[in-house]
Amino acid sequence: MAVRRKLIKERVPTPERPAEERIHDFKEVNLGYTFELAVKEAERCLQCPANYAPCIKGCPVHINIPGFIGKLVEYRDDPDKAVKEALKVIWACNSLPATTGRVCPQEDQCEMNCVMGKVGDKINIGKLERFVADYAREKGIDEELLFEMVPKIEKKGQKVAIIGAGPAGLTAAGELAKLGYDVTIYEALHEPGGVLMYGIPEFRLPKSIVESEIDKLRKLGVKILTDHIVGKTVTIEELLEEYDAVFIGSGAGTPRLINAPGINLNGIYTANEFLTRVNLMKAYLFPEYDTPVKVGKRVIVIGAGNTAMDAARSARRFGAEVIIAYRRGEEDVSARIEEVEHAKEEGIKFEYFINPVEFIGDENGNVKAVKFEKMKPLDERDKRGKRKIVGTGEYVTIEADTVIIAIGKHPNRLIINTPGLKVERGRIVVDENMMTSIPGVFAGGDAIRGEATVILAMGDGRRAAKAIHEYLTKKREGKENA
Ligand SMILES: Cc1cc2nc3c(=O)[nH]c(=O)nc-3n(C[C@H](O)[C@H](O)[C@H](O)COP(=O)(O)OP(=O)(O)OC[C@H]3O[C@@H](n4cnc5c(N)ncnc54)[C@H](O)[C@@H]3O)c2cc1C
Ligand code: SF4
């Protein structure tokens with residue numbers, strides 16, 4: 001067990017590339033811990049007992065956080081062993097730690113109630129998780145663990161189809177493969193990963209890391225069929241004839257648009273299109289890659305979630321001057337704190353309490369400005385706790401040659417129009433076992449929640465895998481007893 005040392009109040013910082021350097025490329029901003037720095041940060045953890053530790057309660061997949069942090073300290077003289085033992089603890093609950101360590105909003109989850117916060121800085125749990133996954137990948141320790149795990153898997157002889165290779169589908173697939181099911185993922189795009197591949201940019205989450213985490217699932221036996229659009233290439237009814245159960249993890253990839261004059265002018269993108277071009281199709285490497293993207297000199301991004309921050313920071317890397325326009329105030333910005341800070345350091349300007357009412361074009365049909373109504377905050381808050389706002393009747397016009405709309409997304413119609421599938425407000429309805437209204441069909445992630453977070457999608461994937469296992473165990477036993 002880790003020996004507790006003297007209380008160290010300050011967090012060990014992770015090195016970051018300076019803003020003036022990083023705005024010229026798409027390389028990762030945060031460089032992560034070395035082993036020495038990770039151990040120094042791990043030593044600050046008070047090792048609260050697992051049945052009490054508030055960090056575990058705050059993690060949607062309940063990783064034994066003091067458990068994995070403790071291993072780094074316990075085996076500090078043998079870095080490879082320390083990481084292998086820590087990774088074993090993490091993998092018991094989370095198969096994509098290099099990803100979640102980078103993109104989870106830890107400040108609202110595991111780190112939120114960390115008891116160290118009462119006397120100093122909270123433990124940097126996300127960066128420690130990321131360190132373990134990165135070190136294991138670089139040293140081949142993850143492969144070693146897989147090599148030990150795979151032969152122990154007992155095959156069940158039943159097949160499960162997963163729709164969508166985002167965090168929800170990948171997690172469900174991994175858990176089911178570990179339980180011995182024959183798992184096939186159907187993915188519409190030409191690459192698996194969902195938002196991790198097409199949405200979140202390289203400078204926050206390098207694609208080689210996502211690919212390597214997905215590769216490990218393949219080594220567990222998961223098959224991935226890309227360019228397969230369920231609802232077109234194959235229907236859910238057809239999948240049910242071939243498979244014993246189906247999991248829908250098709251996300252919420254349809255962008256919301258703004259119903260205002262001029263919305264179809266040239267130079268106006270949805271964040272989805274803009275980020276897909278930049279990330280999935282690597283338009284930032286054009287002409288080495290053949291997908292272009294046109295980014296002007298002055299860009300307005302509408303919205304203030306993670307998607308807006310990613311679009312703004314990507315546009316900045318094309319040399320543009322970027323403004324984020326948000327209809328509410330700073331306190332209601334929903335993007336992660338780290339991303340907002342990085343955006344500000346990179347010179348992105350924020351304009352609050354303005355709402356677009358018209359997109360103004362030139363004689364060639366290109367956008368040249370956006371007219372906004374100024375908004376006023378009220379004292380009341382809406383259901384999500386955000387401050388209500390009203391228009392003031394005053395307007396402001398801001399010039400721009402590129403506009404990116406990032407005001408949210410909803411689930412894909414192709415799936416939700418499946419006959420017999422119960423849907424409310426565009427989201428698939430599931431029971432307490434993650435089963436939809438169609439027996440044997442389960443769902444999770446953004447498809448049931450609307451746009452949420454990676455770790456919530458993964459938590460759903462885990463819960464659904466457990467429920468599918470119970471469902472298929474009964475089905476198996478029923479057949480055996482028949
Ligand atoms: C730009 C951006 C930045 C974000 N940043 C963060 C962040 O920093 N932290 C965080 O926690 N969350 C973030 N999020 C939210 C997070 O990415 C999502 O909540 C999460 O990816 C949802 O996972 P999912 O598996 O449900 O869906 P998705 O990741 O959307 O994956 C769904 C997959 O299903 C596929 N699919 C859809 N329809 C079909 C079909 N008919 N047939 C076959 N396949 C289909 C899609 O192609 C996709 O690959 C961000 C989202 C965006 C868009
Ligand atoms: S709450 Fe904080 S101090 Fe306690 S175990 Fe978790 S990370 Fe360590």
Side-chain angles (χ1 to χ4, degrees), residues 60-62 91-95 146 149-187 217-225 228 230-231 233-251 411 414-424 427-445 447-449 456-482:
V61 295
H62 306 303
W91 266 9
C93 305
N94 177 356
S95 46
L146 269 177
M149 265 164 75
V150 172
K152 294 185 193 143
I153 298 175
E154 211 179 288
K155 292 281 176 204
K156 298 280 189 302
Q158 283 165 305
K159 292 167 74 180
V160 183
I162 309 272
I163 304 170
L170 292 172
T171 302
E175 295 298 310
L176 288 163
K178 280 193 243 166
L179 289 166
Y181 294 98
D182 181 352
V183 182
T184 306
I185 304 185
Y186 288 77
E187 166 56 47
L217 295 176
R218 286 200 178 94
K219 287 186 179 133
L220 277 174
V222 173
K223 291 186 268 307
I224 306 180
L225 301 178
H228 278 66
V230 176
T233 324
V234 60
T235 62
I236 291 184
E237 290 93 324
E238 284 163 346
L239 289 177
L240 276 174
E241 284 168 21
E242 196 187 332
Y243 294 88
D244 296 283
V246 173
F247 172 76
I248 307 174
S250 51
L414 262 184
I415 297 282
I416 61 180
N417 287 344
T418 300
L421 188 68
K422 189 170 173 208
V423 172
E424 271 169 19
R427 297 171 193 172
I428 299 171
V429 178
V430 291
D431 65 13
E432 64 287 358
N433 292 319
M434 315 295 287
M435 183 136 59
T436 67
S437 52
I438 306 178
V441 178
F442 298 74
I448 66 165
R449 296 172 180 274
L456 286 173
M458 290 173 61
D460 287 348
R462 258 175 80 75
R463 265 197 308 285
K466 194 164 168 276
I468 292 173
H469 176 46
E470 280 163 19
Y471 172 81
L472 292 182
T473 304
K474 280 194 197 128
K475 209 168 162 179
R476 220 167 36 242
E477 288 169 356
K479 267 196 201 136
E480 278 160 14
N481 298 335

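For the pair I428 and A443, the tightest heavy-atom approach, listed with the atom from each and the gap, is CG2-CB, 4.0 Å. When every heavy atom of A447 is checked against every heavy atom of P411, the shortest pair comes out as O-CG, 3.9 Å. M435 and G440 make their closest contact through SD-N, 3.1 Å (heavy atoms, listed as atom of the first residue, atom of the second, distance). Closest of all the heavy-atom pairs between I162 and A173 is CD1-N, 4.0 Å. Here the shortest heavy-atom pairing between G174 and L217 reads CA-CD2, 3.6 Å. Contact between C93 and H62 at its shortest, heavy atoms only, is SG-O, 3.5 Å.
In this structure, the side chains of I468 and E175 stay at 4.5 Å or more apart for every pair of heavy atoms. Between Y186 and L225 the shortest side-chain heavy-atom distance falls below 4.5 Å. Two residues are said to be in side-chain contact when any heavy atoms from C-beta on lie closer than 4.5 Å; I153 and M149 fail this criterion. In this structure, the side chains of L220 and L146 come closer than 4.5 Å at one or more pairs of heavy atoms. Counting heavy atoms from C-beta on, the side chains of I224 and R218 come closer than 4.5 Å. Proximity of T436 to T418: side-chain heavy atoms (C-beta onward) are nowhere separated by under 4.5 Å. Contact check for L472 versus V160: side-chain heavy atoms found under the 4.5 Å cut-off.
Of the inter-residue distances, the one linking E238 atom CD with L240 atom CG reads 10.5 Å to the nearest 0.5 angstrom. The CG atom of D460 sits 12.0 Å away from the CZ atom of R462 when rounded to the nearest 0.5 Å. The CD1 atom of I185 lies 10.0 Å from the CZ atom of F247; values are rounded to the nearest 0.5 Å. Here the OG1 atom belonging to T235 is positioned 10.0 Å from the CD1 atom belonging to I415, to the nearest 0.5 angstrom. A distance of 8.0 Å separates OH of Y471 from CG of D244, quoted to the nearest 0.5 Å. With values rounded to the nearest 0.5 angstrom, I236 atom CD1 is found 10.0 Å from L414 atom CG.
For residues 154-169, the salt bridge (charged side-chain N to carboxylate O under 4.0 Å, His left out) pairs, not counting sequence neighbours, are K159-E242.
Between the side chain of S437 and the backbone N or O of G420, at least one donor-acceptor pair lies under 3.5 Å.
Counting non-hydrogen atoms of other residues, nucleotides and ligands closer than 6.0 Å to NZ of K219 gives a total above 12.
Using a cutoff of 4.0 Å between basic side-chain nitrogens and carboxylate oxygens, E470 and K474 are not scored as salt-bridged.
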